[in-house]
S.K.: 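Below is a structure I'd like to ask you about.
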Amino acid sequence: MLTIGTKTEFHKAYIDGAWVETRGRFTVTSPATLEPYAEVADCGPDEARAAADAAVRAFASWSKTTAYERAAILQRWYALIIEHQNQLAEIMAREMGKPVTEGRGEVKYAAAFAQWFAEEAKRAYGEIIPTHDNSKRLLTIKTPVGPAYGITPWNFPAGMITRKAAPALAAGCTFISKPAEQTPITALAIAKLWEEAGGPPGTLQVLPALDPVPVSNVFFADRRIRKVTFTGSTEVGKKLYAQSAATMKRISLELGGHAPYLIFEDADLDKAVADVMACKFRNAGQVCVSTNRIYVADPIYDAFAERLTEKVQNLVVGDPLDEKTRMGPLVDRQGFEKVREHVEDALAKGAVARTGGKPKEGLFYEPTVLTEICDGTRLLVEETFGPVAPLLRFKDETEVVRMANDTPYGLAAYVWTRDVGRAFRVAEALQYGIVGVNDPVPSAPHAPFGGVKDSGIGREGGHEGLSEYLDVRYISMGLP
Ligand code: NAD
């Protein structure tokens, strides 16, 4: 068992199987206390070049191992992550304010990617293609794309890393992680567990950096890095998409969302309220698939608003290390100000705060329910990334589907109905990569996660998640 949080390696970068000191360090601040939590290695271009060289060297041997050999290490990694569930949840609570009860769930989710892809890599089948010429045989094999570079956000410090690194490593790629500047310790702890599991040097590396740009530029310019995978904002994702063109890298982008939640009049009101609570207030609303617009059918709108308000008023907000806490602080000042501005804008334009609507001490914000929201309100078009539930009325199915699709985003959408015909009709009409029908948390390691339109390209999880790290090689063989 590791004593995470006190070991000196968590102040260092992890490059080529070694824990490396850097010239400078940066401070990670706990959003719950606003106290410094850790001093972490601040990597720059020198460390990035060393990591790129190591990833290329390690790829030569790692890509030659069998899926069975890689699976054995991934399974040990899975077991170690589960074994350290409590420590990892505690790190996340300190780094970014996620309640420990929720953090334990994230750790299980994160570990499950190692388990799923350990198994899935054994099924990376090629094909024998019926030939057009009897003197030839046509076939395909799957080959790992090459060394991969992954940039991740702070909101799921463990899950976002394993969702990328596990399929990469299972496919035979090597993986360089640049974690979010708010949450490098979780990433380093996960790398420590990879080392413990027997992961060879250079297969998984972690380079924390306060400024992501100089480090990233090295990898983008390097032709040997064949894949980039990014989760974060649409704004940054678009820049990286353009940047990857110069060396024609494979790219996956998991970007922002603006999820509608459609609640029809035949919904089970208590379950629908509980589902919206889970979808909206998990991680204080700092989730890319969190609902941003809750459309409630006119006949049940008032009853729904009343019951949701009551539940929100009972949410226990506080210290993320306390077992009783259900909602912690927002991650940083920038995130906090965005929530405050969005709510102030809505209230100034006539919205009513049924509960909340104000900042609390430090980076805590009151869980909020808003009604009577006018067109032109910022939170109807921009991602709030906070604990704010805006309720809107609708009259019929056609109208609500049109409103739900009226956004450049297309990550997740939700529907509550007991009418199976409507469930299919609406799920098929919504222009989103993920639709949760009577399900507020559809994400699972064995299912494809990802968006359309401005929400990104590619899928993580499922068998699709592995193919993001595999090329198809076609072999045409003449029979001598
Ligand atoms: P962000 O885009 O600012 O940062 C995300 C990551 O990108 C961080 O590691 C950061 O250091 C790095 N980064 C920022 N600018 C960069 C640049 N120019 N070059 C290279 N790297 C750079 O986003 P954020 O504020 O940390 O996260 C919130 C956003 O991420 C939200 O919009 C949310 O919807 C989105 N998100 C999406 C998913 C998903 O799976 N689709 C998951 C989580 C978060």
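All of these numbers come straight from a predicted model, not from anything done at the bench. Both counts, for ligands and for their atoms, begin at 1 and track the order of listing.
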S.K.: Mind listing the N or O contacts between ligand 1 and protein, cut-off under 3.5 Å?
M.R.:
from: ligand 1; atom 1: 2 (O); to: S233; atom 2: N; distance (Å): 2.9
from: ligand 1; atom 1: 2 (O); to: S233; atom 2: OG; distance (Å): 2.6
from: ligand 1; atom 1: 9 (O); to: T152; atom 2: O; distance (Å): 2.7
from: ligand 1; atom 1: 9 (O); to: K178; atom 2: NZ; distance (Å): 2.9
from: ligand 1; atom 1: 11 (O); to: K178; atom 2: NZ; distance (Å): 2.7
from: ligand 1; atom 1: 11 (O); to: E181; atom 2: OE1; distance (Å): 2.6
from: ligand 1; atom 1: 26 (O); to: W154; atom 2: NE1; distance (Å): 2.9
from: ligand 1; atom 1: 30 (O); to: G232; atom 2: O; distance (Å): 3.2
from: ligand 1; atom 1: 30 (O); to: S233; atom 2: N; distance (Å): 3.3
from: ligand 1; atom 1: 32 (O); to: E383; atom 2: OE1; distance (Å): 2.7
from: ligand 1; atom 1: 34 (O); to: E383; atom 2: OE1; distance (Å): 3.2
from: ligand 1; atom 1: 34 (O); to: E383; atom 2: OE2; distance (Å): 2.6
from: ligand 1; atom 1: 40 (O); to: R163; atom 2: NH2; distance (Å): 3.1
from: ligand 1; atom 1: 41 (N); to: E254; atom 2: O; distance (Å): 3.4
from: ligand 1; atom 1: 41 (N); to: L255; atom 2: N; distance (Å): 3.3
from: ligand 1; atom 1: 41 (N); to: L255; atom 2: O; distance (Å): 2.7

S.K.: With R378 as reference, evaluate E383, E341, E344 under the salt bridge (Lys or Arg N to Asp or Glu O under 4.0 Å) test and give the passing residue.
M.R.: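 The option that passes is E341.
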S.K.: Tell me which donor-acceptor pairs under 3.5 Å the side chains of residues 200-207 have, and how far apart each pair is, sequence neighbours excluded?
M.R.:
from: T203; atom 1: OG1; to: W194; atom 2: NE1; distance (Å): 2.9
from: T203; atom 1: OG1; to: P200; atom 2: O; distance (Å): 2.5
from: Q205; atom 1: OE1; to: D16; atom 2: N; distance (Å): 2.8
from: Q205; atom 1: NE2; to: A51; atom 2: O; distance (Å): 2.9

S.K.: For F449, which residues count as a ring pair (Phe, Tyr, Trp, His ring centres under 6.0 Å) partner, sequence neighbours excluded?
M.R.: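 Applying ring pair (Phe, Tyr, Trp, His ring centres under 6.0 Å) to F449 gives none.
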S.K.: Quick test of your reading: applying salt bridge (charged side-chain N to carboxylate O under 4.0 Å, His left out), list the pairs with at least one residue in residues 218-231, sequence neighbours left out, ordered by first then second residue.
M.R.: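 Sorted result for residues 218-231: D53-R224, D222-R224, K227-E468.
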S.K.: Do S467 and K142 pair up side chain to side chain, a donor and an acceptor below 3.5 Å, judged on atom types alone?
M.R.: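 Per modelled atom types, S467 and K142 side chains form no pair under 3.5 Å.
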S.K.: Could R123 and E120 be called an ion pair, given the rule that one side-chain N must be under 4.0 Å from one carboxylate O?
M.R.: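 Salt bridge: yes.
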